[in-house]
*Asks:* 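Submitted below is the structure of interest, expressed as structure tokens.
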Amino acid sequence: QVQLVESGGGLVQAGGSLRLSCAASGRSFNRNTMGWFRQAPGKEREFVAAVNFSGGSTLYADSIKGRFTISRDNAKNTVYLQMNSLKPEDTAVYYCAARLGQLLGTIRYDYNYWGQGTQVTVSS
């Protein structure tokens, strides 16, 4: 069992930055692929970024590539999402997710555990 708790969301102006954190509890954190997804009002939950168990491989959605960076600290059981050059269209609830195993993936149904989400609002 894995529990995930996100933090770091908030209100920021366009062009600003935020850093989201996801603290994980439970065993085998360093064996799991970790991902970030987001869901805007009236839209489906969409993939943002993923990082493999070691942090050596990452995967990004095209819409945020070059602006967001995912990373993890296995010693702290924490995964991060550094978000720069934020745009109003990045406004959403951001969810941390864990996937058993070592494969990166963009499909939400492949992720086994989810956090409660943290709101990110970007004003224009």
*Asks:* Side-chain heavy atoms nearer than 4.5 Å, only ILVMFWY residues, links allowed to pass through others: does that put Ile64 and Tyr80 together?
*Replies:*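 Each belongs to a different hydrophobic cluster.
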*Asks:* What's the spacing between Leu18 CG and Thr121 OG1 if we round to 0.5 Å?
*Replies:* 9.5 Å
*Asks:* Rounded to the nearest 0.5 Å, what separates atom OH in Tyr60 from atom OG1 in Thr69?
*Replies:* 4.5 Å
*Asks:* If I take atom CD from residue Gln1 and atom CG from residue Asn112, how far apart are they, to the nearest 0.5 angstrom?
*Replies:* 10.0 Å
*Asks:* Report yes or no: is the cationic atom of Arg108 (NZ for Lys, CZ for Arg) closer than 6.0 Å to the six-membered ring centre of Phe47, at no more than 45° off its axis?
*Replies:* no
*Asks:* Which heavy atom in Val79 sits nearest to a heavy atom in Cys96, and how many Å separate them?
*Replies:* CG1-SG, 3.7 Å
*Asks:* Can you give me the closest heavy-atom contact between Val2 and Ala98, atom names plus distance?
*Replies:*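 Looks like CG1-CB, 4.5 Å.
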*Asks:* How long is the span from the CG atom in Asn52 to the CG atom in Leu103, to the nearest 0.5 Å?
*Replies:*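 Reported value, rounded in 0.5 Å steps: 10.0 Å.
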*Asks:* Between Gln3 and Ser25, does any side-chain donor sit less than 3.5 Å from a side-chain acceptor?
*Replies:*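 A pair is found: one side chain offers a donor N or O, the other an acceptor, under 3.5 Å apart.
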*Asks:* Nearest heavy-atom pair of Trp36 and Leu20: which atoms, and what distance?
*Replies:*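 Distance-wise, the nearest heavy atoms are CH2-CB, 3.7 Å.
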*Asks:* Please identify each residue that fulfils ring pair (Phe, Tyr, Trp, His ring centres under 6.0 Å) with Tyr94, with sequence neighbours left out.
*Replies:* none
*Asks:* Can you give the donor-acceptor pairs under 3.5 Å from side chains of residues 82-91 to other protein atoms, not counting sequence neighbours?
*Replies:*
{"residue": "Gln82", "atom": "NE2", "partner": "Asn84", "partner atom": "OD1", "Å": "2.9"}
{"residue": "Asn84", "atom": "OD1", "partner": "Ser17", "partner atom": "OG", "Å": "2.9"}
{"residue": "Asp90", "atom": "OD1", "partner": "Arg38", "partner atom": "NH1", "Å": "2.9"}
{"residue": "Asp90", "atom": "OD1", "partner": "Arg67", "partner atom": "NH2", "Å": "3.0"}
{"residue": "Asp90", "atom": "OD2", "partner": "Arg67", "partner atom": "NH1", "Å": "2.7"}
{"residue": "Asp90", "atom": "OD2", "partner": "Arg67", "partner atom": "NH2", "Å": "3.4"}
{"residue": "Asp90", "atom": "OD2", "partner": "Lys87", "partner atom": "N", "Å": "2.8"}
{"residue": "Thr91", "atom": "OG1", "partner": "Pro88", "partner atom": "O", "Å": "2.9"}
{"residue": "Thr91", "atom": "OG1", "partner": "Val122", "partner atom": "N", "Å": "2.9"}
{"residue": "Thr91", "atom": "OG1", "partner": "Val122", "partner atom": "O", "Å": "3.4"}

*Asks:* Side chains of Tyr113 and Asn32: does their closest heavy-atom pair fall under 4.5 Å?
*Replies:* no
*Asks:* Which pair of non-hydrogen atoms, one from Ser21 and one from Thr78, has the smallest distance, and what is that distance?
*Replies:*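 Minimum heavy-atom separation between Ser21 and Thr78: CB-CG2, 4.3 Å.
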*Asks:* Got a second to check how far Arg72's CZ is from Ser54's OG, nearest 0.5 Å?
*Replies:* 8.0 Å
*Asks:* If you take all heavy atoms of Phe68 and Val48, which pair is closest and at what distance?
*Replies:*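 In this case the closest contact between Phe68 and Val48 is CD2-CG1, 3.8 Å.
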*Asks:* Looking at every heavy atom in both Gly9 and Val120, which two are closest together, and how far apart are they?
*Replies:* CA-CG2, 4.2 Å
*Asks:* Below 6.0 angstrom between ring centroids: does that apply to Tyr95 and Phe37?
*Replies:*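 Between Phe37 and Tyr95, which both carry aromatic rings, the centre distance is not below 6.0 Å.
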*Asks:* How far does CG of Asn74 sit from CE of Met34, to the nearest 0.5 angstrom?
*Replies:*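 Those atoms lie 9.5 Å apart.
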*Asks:* Treat each ILVMFWY residue as a node, draw an edge where side-chain heavy atoms are under 4.5 Å apart, and state whether Leu59 and Leu81 are in one component.
*Replies:*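 Result: no, two separate clusters.
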*Asks:* Counting heavy atoms not belonging to Lys65, are there more than 12 under 6.0 Å from its NZ?
*Replies:* yes
*Asks:* Quick one: does Arg45's side chain get under 4.5 Å of Trp114's, heavy atoms only?
*Replies:* yes
*Asks:* Establish whether Val51 and Leu4 are linked, either directly or via other cluster members, by ILVMFWY side-chain heavy-atom contacts under 4.5 Å.
*Replies:* yes
